[in-house]
Amino acid sequence: MKLSTKNSPSSENRKSVDSRRFGLASTRNIGIMAHIDAGKTTVTERILYYTGRVHRIGEVDEGTTTMDWMVQEQERGITITAAATTCRWKNHLINIIDTPGHIDFTVEVERSLRVLDGALAVFCAVGGVEPQSETVWRQADKYNTPRIAFVNKMDRTGADFFRTIEMMVERLGAQAVPIQLPIGSAERFNGIVDLISLKGLVWDEANLGSVVYEKDVPDEMMEMVDEYRERLVEAIAEYDDELLMKYLDGEELSIEEIKVGLRNATLSGKIIPVVCGSALKNKGIQPLLDALVSYLPSPMDVPPIIGVNPKSQEKEERLASDNEPFCALAFKIMTDAHVGKLTYLRVYSGTLTKGSQVYNSTRGKNGRIGRLMQMHANKREERQAVYAGDIVAAIGLKDISTGDTICDPDAPITLETMVFPTPVMSVSVEPSTKSDIEKLNLALSKLAEEDPTFKVHQDIETGQTLLSGMGELHLEIIVDRLLREFNVSAKIGKPQVAYRETIQRHAMAEGRFVKQTGGRGQYGHVVIEIYPLDKGSGFEFVNDIKGGTIPQEFIPAVKKGIDNAMNTGILASYPVVDVGVRLYDGSFHSVDSSEMAFAISASIAFKEAMKRSSPILLEPIMEVEVIVPDGYLGKVMGDLGSRRAQILQTDMQAKSRIHVIQTYIPLSEMFGYVKTLRSLTQGRATYSMEFSHYSGVPESIAQEVISSKKLL
C-alpha cells in the first residue's frame, strides 16, 4: 500500500515565512549531532528534500549540500559551522540546526544545544558510538536535552543495528529503546518494521525514496518483532503508573497509549527512541520525521526559561508565549559580506517586529532591530515579525556578543550566559607585508567575535600575535579564512613559552655608577640585599636607608632601576619574579648625583646580586583535565608521565565509564598534545587546560632553553 509522499516544493515550505501559522505546540527546535562522517548533513539534506524545502538533493561528496555552504566545508566534506534552516512536516514547523562533528568545532554544538529543545543523534551503523558521539552526548546531558537516535548507513557492509544500541547503553549510559527494526542489513537492507504499528515500510529507489510503501512484517522477523515490541511496551510502562497497571494485568496497550507513553518518557529523558535507515540510499527519513514531531518537545514542553531581573536581582521566569514580554538569547554571531553582522536569536517569549527598540540586558545597552531574517543555511528570507519559539537572525545590533540577552526595554531580564571551552592550542601569526597589518587586525577581531573559542592576544615578552583555538584543524580553517575571505596574507609559526627567572638564596651586592665628562658628572652608589619570596609574590622593595646616606628624592629612581633590571634576567633574559630587594646603604655626591645615576647603579647592583643568589629558570605549569574513556587510561597515563606530569587526582564516572584525570603539566610539554591524545584514544579523549603557576625547570632542560635562547 502506498503510504506517503514528500511535501511538494511549491507547498507551504516555499512560501514566505510566518511561523505563527503554526501554534507553539506544533513547533520543534532540534539540533542534529554526531561524530564526524556519521551522516548528519546527508540526513539533513534528505529532510529538506522530503519536506519540500529544496527541490534537489545535495551530496556531501560532490560539495553540493545546502547546509555545508562554506568553501572550506565543501572542499573537506565536513561541517565546520552550525547552519540553521526551517521546514514543515505534517502541520509542524521544524527549526533545524545542523552541527559539526569534528571535535575542534565542538563550540558549535555547545551553543546550539543551549537554545534547542530537542536533538537528533545520528550514529553510523558500522562505527557505532564513535568518539565525538560521546562528546556531543555529554553536552546534551549537560542541558538535559531530550533525544532521538537515528542509526544511519544501514546499507553499508558491516552495519549492525543491535551492536550500535548495545554501545549506546554501554558507552553513553543511555536507555536506548528501538521503535523500529531494520529489514535486512548491508546490501540486503530494504526497509524497516515499525514496532508500534507492526507494519513494514519499504522504499522505491527509482523515485529517490519519495514514496513509502506499507507491507506486512516478513514472516522470518515475526519472533524478533514480538520480542522487541514487548521490550518497548515494558520500557514505556515502567515510567507510567497507569500503563504499568494495564501491562501487569495483561491488557494490550493501544497504539495511541504507546505513543503518548513513549512521548512522555522521551521528554523526561528516561528513554531514547531509536530508529534506523540509510540517508544516502533515501530510506528511513519519512518515519524519522514522524518520530521527530511525535516524540521531541515543543517550546511548551520544556520548563520556562529562568533569568534575573537586572534591576531587582530577583529570579524571574518567562513562559513560551507570544503574550509574555519579549526575551531572546543571542547564541551565534556571523559576519555576512552583504548585510554585515548577523545575530542569531532564540526567542523564548513575546514577539518582536522589524524596527523595534530592544535592550541588551547583559551589557546594559539599547539597540534597534534593523531587519529580521529566517535563515536557510547562508540564504535569508525577510521576516516582519518573530514569535516565541522562533530561531531567527537579526541585522542592526552592534554592541552584542554570543550569550547576550535581548529583551523588552520595559521588562528587562538577563538569561544565564553561555560558557565555552578554553582554547588548547596556539600558533603565532605575522602579516606578510606592512599593508596586511591593518587588514589582519580587522579580520582577527571579526573572527574572534564569531567564534568564542578563538582567542587573539599579544605576548608582551616575545612580541608575537598568538592565535588560540581548539585544535590544528580549527586554526587551519581560521588561517584559510584569513586568506580567502579577508584577503590577508600571513605567516604562521609556533609560539614561544613565556619562561621566568628567580633566585634561591639571599645575596648582597653594590652598584656604583661614576662618570666624569669634564663638566657636571654622574654619581650613584647603592648597596642592596636580595632574597627569594613565595611563589606568586612578584616583587617587594624595602627602603632601609638610615642616616641619609642616600637622599629620599633618589629612592624612587633606585626602585625604578631595579624594576628595569628585573625585566631581563641574567640566565636567558626572561623577566625575574618572586624577588625581594632591601636597599640599606650607599652614598651620593652633592653635585654629580642624579636620578639616572642611581637608576643605573641599582640595575648594576641587582644584576650582580642575582649572579650570587643561585638563579633558576621557571616555566609555566598548566592545570590540565583529561577525560578518557575506559580502556585507554593506561596509555594516557603513560604518555602523561613522559610529559613530566604531576597527577593530582583520578576519578571514574561509573555511569559513563569515563576517567577524569587532573594533573599539572609544563606548558612546553603540551604542544602537539591534542594530536597525540587523539591518536592514543582513537579520538575519544578530550582535555582542557588553564594556567596554574610557575615552577623550577629541571637543570638539563633549563640548559637547553638557555642555549637556544642565546642562539636567537
Side-chain angles (χ1 to χ4, degrees), residues 118-125 128-129 133 137 140-141 146-154 159-185 189 191-202 214-277 283-284 287-288 290-292 294-296 655-657:
L120 170 62
V122 180
F123 297 91
C124 172
V129 176
S133 306
W137 196 269
D141 283 341
R147 277 147 276 178
I148 286 177
F150 178 68
V151 180
N152 191 27
K153 302 189 179 184
M154 284 302 304
D160 192 330
F161 177 73
F162 302 102
R163 173 178 167 271
T164 302
I165 292 176
E166 287 175 7
M167 293 176 74
M168 290 179 64
V169 174
E170 292 173 3
R171 292 189 177 183
L172 306 177
Q175 177 72 348
V177 178
I179 62 173
Q180 297 173 0
L181 293 181
I183 301 176
S185 64
F189 173 71
I192 64 169
V193 172
D194 186 320
L195 293 176
I196 299 176
S197 67
L198 292 178
K199 292 292 184 180
L201 302 174
V202 295
E214 192 176 275
K215 58 177 280 189
D216 291 334
V217 176
D219 292 339
E220 66 273 14
M221 289 187 65
M222 283 303 301
E223 186 177 342
M224 180 187 295
V225 168
D226 289 342
E227 177 190 346
Y228 275 89
R229 191 176 200 270
E230 184 71 14
R231 290 187 187 183
L232 170 61
V233 172
E234 184 179 339
I236 293 170
E238 185 179 344
Y239 301 108
D240 188 306
D241 291 342
E242 186 176 334
L243 296 182
L244 180 60
M245 293 304 298
K246 288 189 70 172
Y247 175 74
L248 293 176
D249 289 340
E251 295 184 43
E252 186 75 20
L253 301 186
S254 69
I255 290 178
E256 188 57 34
E257 285 176 324
I258 292 174
K259 286 184 175 181
V260 171
L262 179 58
R263 175 174 174 77
N264 292 335
T266 303
L267 297 185
S268 64
K270 295 181 172 65
I271 284 180
I272 307 296
V274 184
V275 297
C276 62
K283 297 175 182 178
L288 169 61
D290 290 341
L292 293 178
S294 296
Y295 307 123
L296 287 184
K655 181 180 178 182
S656 55
R657 302 192 181 207

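These numbers come from a predicted model, not from an experiment.
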Audit row: M221, L181, side-chain contact (heavy atoms from CB on, under 4.5 Å) steps and yes/no: CA-CA 9 Å; M221 289 187 65; L181 293 181; 4.1 Å; yes
Closest non-hydrogen atoms of S133 and G128, given as atom of the first, atom of the second and distance, are OG-O, 4.4 Å
Side chains of E251 and M245, heavy atoms from C-beta outward: is any pair under 4.5 Å? no
Value rounded to 0.5 Å, distance of CD1 in I165 from CD in E170: 12.0 Å
Salt bridge (charged side-chain N to carboxylate O under 4.0 Å, His left out) partners of R231, counting only residues at least two apart: E227
Taking all non-hydrogen atoms of both residues into account, name the closest pair between M154 and G184 and its distance. CE-O, 4.2 Å
Note, F123 side chain near N152 side chain (heavy atom, < 4.5 Å): no
Non-neighbouring partners of Y228 that pass ring pair (Phe, Tyr, Trp, His ring centres under 6.0 Å), sequence neighbours left out: F162
Can you tell me how far the NZ atom of K199 sits from the OG atom of S197, to the nearest 0.5 Å? 7.5 Å
Do V151 and V275 pass the side-chain contact (heavy atoms from CB on, under 4.5 Å) test, and can you show the C-alpha distance, the side-chain angles, and the key distance before you say yes or no? CA-CA 6 Å; V151 180; V275 297; over 6 Å; no
Heavy-atom check, side chain of E238 versus side chain of L244, under 4.5 Å: no
Do Y295 and I179 have side-chain heavy atoms sitting under 4.5 Å apart? yes
By the ring pair (Phe, Tyr, Trp, His ring centres under 6.0 Å) test, which pairs, at least two apart or in different chains, include something from residues 231-276? none
Mark yes or no: R171 above the aromatic ring of W137, with NZ or CZ under 6.0 Å from the six-membered ring centre and no more than 45 degrees from the axis. no
Out of curiosity, D160 CG to C124 SG, how far, rounded to the nearest 0.5 Å? 11.0 Å
Please round to the nearest 0.5 Å and tell me the distance separating atom CD1 of I258 and atom CG of L195. 9.5 Å
Find out whether R147 and D141 are in side-chain contact, i.e. whether some heavy atom of one side chain is under 4.5 Å from a heavy atom of the other. yes
Can you name the residues that form a salt bridge (charged side-chain N to carboxylate O under 4.0 Å, His left out) with D226, not counting sequence neighbours? none
Could you give me the CA-CA distance, side-chain angles and deciding distance for K246 and E257, then say whether side-chain contact (heavy atoms from CB on, under 4.5 Å) is met? CA-CA 11 Å; K246 288 189 70 172; E257 285 176 324; 2.9 Å; yes
I196 vs K259, side-chain contact (heavy atoms from CB on, under 4.5 Å): CA-CA, chis, key distance, verdict: CA-CA 8 Å; I196 299 176; K259 286 184 175 181; 4.2 Å; yes
Would a 4.5 Å heavy-atom cut-off, applied to side chains only, mark P218 and V193 as touching? yes
Could you check if a side-chain atom of P273 sits within less than 4.5 angstrom of a side-chain atom of L262, using non-hydrogen atoms only? yes
For the SG atom of C276 and the CG atom of L288, what is their distance to the nearest 0.5 Å? 10.5 Å
CD/E220: more than 12 non-hydrogen atoms of other groups inside 6.0 Å: yes
Over 12 non-hydrogen atoms of neighbours within 6.0 angstrom of CG in D249: yes
Contacts of E252 meeting salt bridge (charged side-chain N to carboxylate O under 4.0 Å, His left out) (sequence neighbours excluded), chain-then-number -> R229
What residues, two or more places apart in sequence or in another chain, satisfy side chain to side chain donor-acceptor pair (under 3.5 Å) together with K153? none
For the residue pair L253 and L243, establish whether any side-chain heavy-atom pair is separated by less than 4.5 Å. yes
Got a second to check how far Q180's CD is from I192's CD1, nearest 0.5 Å? 3.5 Å
Please name the pair of heavy atoms, one in I183 and one in L201, separated by the smallest distance, quoted to 0.1 Å. CD1-O, 4.5 Å
